[in-house]
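The sequence lines fix the lettering, A, B, ..., with proteins before strands; numbering per chain opens at 1. Keep in mind that this is a model prediction, so the values were computed, not measured.
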Amino acid sequence: MKLAVCIKRVPDMEGRFKIAASGTGIDEAGLKYDMSDFDGYAAEVAIQITEKLGAGEVTVISLGPDVVQETLRKALSMGAHRAVQLKHDAPVSDGLAVATALAAELKDGGYDLILCGRMAVDTQNRSTGIFLAELLGLPVISAISQLNVEGGVVKARRELEGAYELIECPLPAVVTIDEGIARARYPSLKGIMAAKKKPLEVKPAHLGAITYQLEKMELPAERAAGRIVGEGKDAVPELVRLLKEEAKVL
Amino acid sequence: MTDSLLGSPVLKPRTGDLYNIDAALTEEERAIRDSVRAFVDEKVIPIIGQCYIDGRFPTELIGEMGAQGYLGANLPEAYGCAGLSNVAYGLINQELERGDSGIRSFASVQGSLVMYPIFTFGSEEQKRHWLPRMATGEAIGCFGLTEPDYGSNPAGMITRARQQKDGTWVLNGAKMWITNGSLSHVGVVWAKTEDNDPDGNSVRGFLVPTGAKGYTIKETKGKLSLRASMTSELVFSDVHLPADAILPQSGGLKSPLMCLTQARYGIAWGAMGAAIACYDEALSYAKTRVMFDRPIGGFQIQQVRLADMLTEIVKGQLLALHLGRMKDAGTYTPQQVSLAKRNNVSVAADIAREARRLLGANGILAEYHAMRHMANLESVYTYEGTHDIHSLVIGMAETGINAFK
């Protein structure tokens, strides 16, 4: 079985973010980067499938500048077999363009199952995996919390509010991975050493047309300090008046 | 085991790196550090407070530490080890001790004090027999040098190995403060082989299997430090050992001292891990604990504390890293190791105490980490060459005058 996992390198969400001078992105100085959490679960699931089968191959693929190789090598050290960097140095916010580049690489690869995270934890667009399936003409099950691949069929479970859905579709297919399915393992030291010898190909990214650009990024305005209108029941009429006329919430 | 009390709250590693020390590490070194860090966050931090209270070393972690490659990580792959650089080995120690000094002590003893002497002084047969199973944690070792009356002065040791006419050995004596003793399958035990030997020139290393007749191991009770670590006393009463129990390349007190240099090197890194844990906890607490209507981190006195702590951590890390690069280049000296062990453990102990104080009353609870590290570091300050002895080593190197004589 051939599996592909699409991986995005993202900043650690615990970091302190500043908007870059360009106004269209974040200042990367001082931030730590790692695999997006959901992509880590996807890589773990794919690796577990090949471990269970005792056969198969997991290819991890990431679009971005050369630093994404570090993230790809982490996936290799977890147990993925080979990696592909789709080299593109400028940041891309258009999920369709990213999906186009991924589809160009994946379409003739003979993959049985393509796994993506449910979303990137930084931009949270939830679009790339769905776009990718559409471009490849494959069925997609999104945001799955359980997965079973058997006899050419993928069976998956999706969590709903107070209920769940069980869905199946034939392979080849695309799935996007929610949390709860598996925790990404931390690579063993031997895995880290072995990753250095695994193949990592660098190819140009064929993004296709960029359909939209990120115009501007801004922090929310600082909240003004509160004010005490008065005390006790005598203050209520004034409070109601302000809520109606100033805050306009009544 | 009872429900964890302690739920030792998540110890969030700080994401900042003010001095950008990461840039001085290779990608592989960072990957190794991050992997051990994840292991400690997931497997050690949640249980360690309870282990400490229960006075229990978490043996359930041994298998995974072995599988992950943490044991004897800087020894060659040919013997089942990870074959890492000394800097990578140091980073493993740092992260393990970020969990607890007892966890790092376990790995230090296994790797630096048991596997290293077998690798360095052992026969090929001894190496093939022991190292692969020690790397996986299937076999555990301990290191017997210190005696009840001979700690800083091991040359005075009383333990004797007497060779019989048929080439076999008979061992008599006692060893104390032996980490991993009660867990061990084999001890690397140092004994004099001649009676009149005040300088320890006849000291040789022996592999003594647990269960040998006349060999007893007693657990040391009543510790107020390193409670999540196993400490034991070893007693040898006419223990008969085969001729090939000796480590053939060992010779003189220099041999065990070489082992200690290895372990001290790891401690210089490890102590920084304990300090980082305390700093991270103090920083997070300072930002969230509100007193007088503002986070206590807004008060100058706590900012000074944090600045002092961070400064010593940065200096200690750079010291350990430079020492590691010199060790990898094969140019380091035992005196340099003494300086790093002495400084880093001492500043880590101070940092742990300051973190404990910053945490106020909460700082005395096992639910937090600072006081556990503070108590642990008192042992680390004393073992592997006391702070004072390392002062004299450095003093001798600088003045040329030996204060021991």
Side-chain angles (χ1 to χ4, degrees), chain A residues 7 9-18 26-35 37 40-41 43-44 47 51 60 62 65-80 83 85 121-122 182-198 200 225-226, chain B residues 10-23 25-44 63-77 80-85 88-89 91-92 95-96 107 111 135-137 280 283-284 287:
Chain A
I7 284 173
R9 178 179 170 89
V10 298
D12 184 328
M13 291 295 118
E14 301 279 337
R16 258 191 285 167
F17 291 92
K18 281 183 284 196
I26 53 166
D27 182 353
E28 298 188 357
L31 293 178
K32 287 187 82 168
Y33 281 75
D34 201 349
M35 199 181 299
D37 299 27
Y41 311 146
E44 177 66 36
I47 292 163
E51 285 173 347
V60 288
S62 188
D66 288 346
V67 286
V68 305
Q69 290 180 14
E70 182 175 354
T71 310
L72 288 169
R73 263 191 293 275
K74 178 172 182 185
L76 293 174
S77 64
M78 288 167 66
Q85 176 199 357
V121 295
D122 58 346
R183 295 194 66 166
R185 70 189 68 184
Y186 34 87
S188 71
L189 305 189
K190 283 172 195 167
I192 291 168
M193 304 303 277
K196 292 192 292 187
K197 296 176 196 125
K198 292 181 177 176
L200 194 164
Chain B
V10 185
L11 181 62
K12 274 201 180 146
R14 100 202 97 102
T15 49
D17 176 9
L18 183 74
Y19 230 68
N20 201 14
I21 294 177
D22 268 15
L25 303 175
T26 65
E27 178 191 319
E28 185 181 302
E29 288 163 353
R30 288 197 303 274
I32 289 165
R33 191 260 325 265
D34 291 348
S35 172
V36 185
R37 182 171 286 178
F39 164 79
V40 169
D41 283 341
E42 240 176 71
K43 301 289 168 65
V44 178
E64 180 153 7
M65 289 171 73
Q68 289 292 324
Y70 302 163
L71 305 177
N74 55 347
L75 297 176
E77 291 169 278
C81 304
L84 301 183
S85 72
Y89 174 78
L91 289 163
I92 295 170
E95 292 307 317
L96 292 178
T136 61
D280 287 349
L283 177 61
S284 148
K287 291 198 294 194

Count the heavy-atom pairs under 4.5 Å between each of R183(A), K74(A), K190(A), R185(A) and chain B, then report the option with the highest count. R183(A)
Region of N20(B) that comes under 4.5 Å of a non-hydrogen atom in chain A: neither
Interface moiety of A88(B) toward chain A, non-hydrogen atoms closer than 4.5 Å: neither
Heavy-atom count check: over 12 atoms from other residues, nucleotides or ligands less than 6.0 Å from Y19(B) OH? no
To the nearest 0.5 Å, how far apart are CD1 in I192(A) and CZ in R30(B)? 12.0 Å
Applying salt bridge (Lys or Arg N to Asp or Glu O under 4.0 Å), name anything that partners K43(B), two or more places apart in sequence or on another chain. E64(B)
For side-chain contact (heavy atoms from CB on, under 4.5 Å), just list the numbers for I92(B) and L189(A), CA-CA rounded to whole Å, side-chain angles, deciding distance to a tenth of an Å, and then say yes or no. CA-CA 10 Å; I92(B) 295 170; L189(A) 305 189; 3.3 Å; yes
For E27(B), the option from E70(A), Q69(A), K196(A) that meets side-chain contact (heavy atoms from CB on, under 4.5 Å): E70(A)
On a heavy-atom basis, the closest approach of S188(A) and A67(B) is CB-O, 4.3 Å
Contact winner vs chain A - G69(B), S35(B), A31(B), heavy-atom pairs under 4.5 Å: S35(B)
Assert top hit (heavy-atom pairs under 4.5 Å, partner chain A, pool E77(B), Q68(B), E28(B)) equals Q68(B)
